[in-house]
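Report on one structure; see the data block that follows.
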Number of protein chains: 2
Amino acid sequence: MQISSRFTVALHIFTAVDVFKDDYKVTSDFLAGSIGTNPVIIRKLLTQLKNAGLITVARGTGGIEVTKELSEISFYDVYQAIEPLEGGDLFRFHEAPNPQCPVGRNIHALLDDKLQKIQEAMESEMKKYTLQDLWEGMQDLLAKET
Amino acid sequence: MQISSRFTVALHIFTAVDVFKDDYKVTSDFLAGSIGTNPVIIRKLLTQLKNAGLITVARGTGGIEVTKELSEISFYDVYQAIEPLEGGDLFRFHEAPNPQCPVGRNIHALLDDKLQKIQEAMESEMKKYTLQDLWEGMQDLLAKET
DNA sequence: TGATAATGTAACCGTTGAAATTACAACTAA
DNA sequence: TTAGTTGTAATTTCAACGGTTACATTATCA
């Protein structure tokens with residue numbers, strides 16, 4: 001299973017907010033236009049980001065504020081905000097290994113730490129990238145366009 | 001989205017084959033009993049593992065053979081065999097960013113390398129664990145049981 | 001104060017994939 | 001030939017994603 005596009009959409013949102021916030025009123029309609037999706041999809045995502053404390057959203061008037069320094073919000077923070085993993089586990093485990101079987105009753109003890117390590121490797125790498133990197137990277141790309 | 005339980009089921013299969021192959025005839029029914037699922041689920045997985053060249057399956061008579069040294073098959077090999085990712089990408093990307101928008105037409109260039117790095121971090125960790133580790137780990141756990 | 005514009009949500013739909021299950025053809029060994 | 005096993009098609013159930021419509025709520029401004 002692939003990780004849902006909510007993640008790349010959320011990163012797109014943050015990038016667009018950073019780039020456009022001084023020149024445009026960045027609404028869910030505006031973002032939906034840039035991302036190529038429906039405004040309601042955006043609003044649901046904004047609600048998740050808001051609940052995670054990463055942004056504030058002005059009701060009625062519209063407008064999105066990032067609550068921290070860009071360098072203090074990592075990809076991992078965004079990922080955690082929008083990906084609701086059951087128990088926080090990346091890997092789904094088969095639910096009914098047979099306790100009557102020696103392998104069945106020990107398979108969790110055998111695999112859990114290894115799966116955890118793999119998940120941590122991914123999450124550690126996610127923590128290396130921040131919204132600041134997105135802002136700078138996008139400025140470079142835009143400069144090259146002209 | 002969680003990664004499907006096919007991964008842990010496949011690792012369970014390999015562990016059970018290693019542990020029981022000298023004492024039992026390890027069939028899809030036998031494995032289904034240990035794993036707590038349906039024999040057809042197991043057969044489909046075995047077909048994937050077979051297609052990846054990791055095992056051979058004896059038709060008619062039944063019986064599974066691992067084709068390489070246990071130390072030469074990593075978690076990553078198993079993962080690749082059973083998880084069919086579109087384009088090999090762990091992260092699904094929103095499909096219609098707006099090319100009229102400066103951010104929309106550059107978002108792929110901005111994110112692709114970073115997403116790739118994150119995926120590679122996970123896959124590199126997967127390459128560290130082999131079926132040999134599973135065999136040894138399970139032997140230790142079984143020894144502790146008595 | 002009324003009109004306008006935006007967010008917050010509920011409700012629903014279509015699609016996809018996972019996991020399970022039944023059924024049966026194909027195959028192998030005894 | 002028979003019993004046991006694999007290979008695979010067909011079907012079902014369920015959950016999640018992404019999309020869409022509709023509308024109540026909220027804030028600003030003329």
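Per chain, numbering begins at 1; letters A, B, ... match sequence-line order. The shown structure was predicted, so the numbers you read here are calculated from the model rather than taken from an experiment.
Listed pair B:Ser4 / C:dG17 fails the phosphate criterion, with no side-chain N or O lying under 4.0 Å from OP1 or OP2. Within the structure, a side-chain polar atom (N or O) of B:Ser5 is placed less than 4.0 Å from OP1 or OP2 of C:dA19. Remark: A:Lys50 is in phosphate contact with C:dG8, judged by side-chain N or O atoms under 4.0 Å from OP1 or OP2.
Ranking C:dA20, D:dC17, C:dA19 by closeness to the B:Lys44 side chain, first place goes to C:dA20. Minimum atom distance to the side chain of A:Asn38 is reached by D:dG19, of the listed D:dG19, C:dT22, C:dG8. Comparing C:dA23, C:dA18, C:dT9 by their closest approach to the side chain of B:Arg6 singles out C:dA18. Among the nucleotides C:dA19, D:dC17, D:dA9, the one closest to the side chain of B:Val40 is D:dA9.
Put simply, CD on B:Gln48 is 14 Å from C1' on D:dG7, counting in whole angstrom units. Atom P of nucleotide C:dG17 and atom CD of B:Gln2 are separated by 18 Å, given to the nearest angstrom. Taking atom CD1 on A:Ile42 and atom P on D:dC17, their separation rounds to 15 Å, with Å as the unit. Atom CD1 of A:Ile13 and atom P of C:dT7 are 11 Å apart (whole Å). A straight line from CD1 of B:Ile41 to P of C:dA20 spans 5 Å, rounded to a whole angstrom. With rounding to whole Å, B:Ile3 atom CD1 is found 16 Å from D:dA16 atom C1'. What separates CG of A:Asp29 from P of C:dA5 is a distance of 12 Å, to the nearest Å. A straight line from CG of A:Leu45 to P of D:dG18 spans 9 Å, rounded to a whole angstrom.
For the pairing with B:Leu31, the side-chain contact (heavy atoms from CB on, under 4.5 Å) check across B:Val9, B:Ile64, B:Leu45 returns one residue only, B:Ile64. Of the residues B:Glu125, B:Lys127, B:Lys128, B:Met122, the one that meets the side-chain contact (heavy atoms from CB on, under 4.5 Å) test with B:Tyr76 is B:Lys127.
With a 6.0 Å radius and a threshold of 12 heavy atoms from other residues, nucleotides or ligands, B:Lys117 has its NZ atom at or below the threshold.
A:Ser4 and B:Arg92 share no donor-acceptor pair across their side chains, judged by distance under 3.5 Å alone. With 3.5 Å as the limit, one finds a donor-acceptor pair spanning the side chains of B:Asp77 and B:Ser74. Using modelled atom types and a 3.5 Å distance limit, the side chains of A:His12 and A:Ser34 yield a donor-acceptor pair.
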Produce the list of close N/O pairs, under 3.5 Å, pairing protein atoms with atoms of nucleotides 24-27 of chain D; give distances to one decimal.
residue, atom, partner, partner atom, Å
D:dT25, O2, A:Arg59, NH2, 3.2

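Side chain of B:Gln119 to main chain of B:Gly88: a donor-acceptor pair is present (N/O by atom type, distance under 3.5 Å, no hydrogens or angles).
If you find the closest nucleotide of DNA chain D to B:Arg92 and to B:Ile64, the one lying nearer the 5' end belongs to B:Ile64. With DNA chain C read from its 5' end, the first of the two nearest nucleotides for B:Glu83 and B:Arg43 is the one closest to B:Glu83.
Counting non-hydrogen atoms under 4.0 angstrom, B:Val57 reaches the backbone sugars and phosphates but no base.
B:Arg105 and A:Glu145 are joined by a salt bridge, as a carboxylate oxygen and a charged side-chain nitrogen come within less than 4.0 angstrom of each other.
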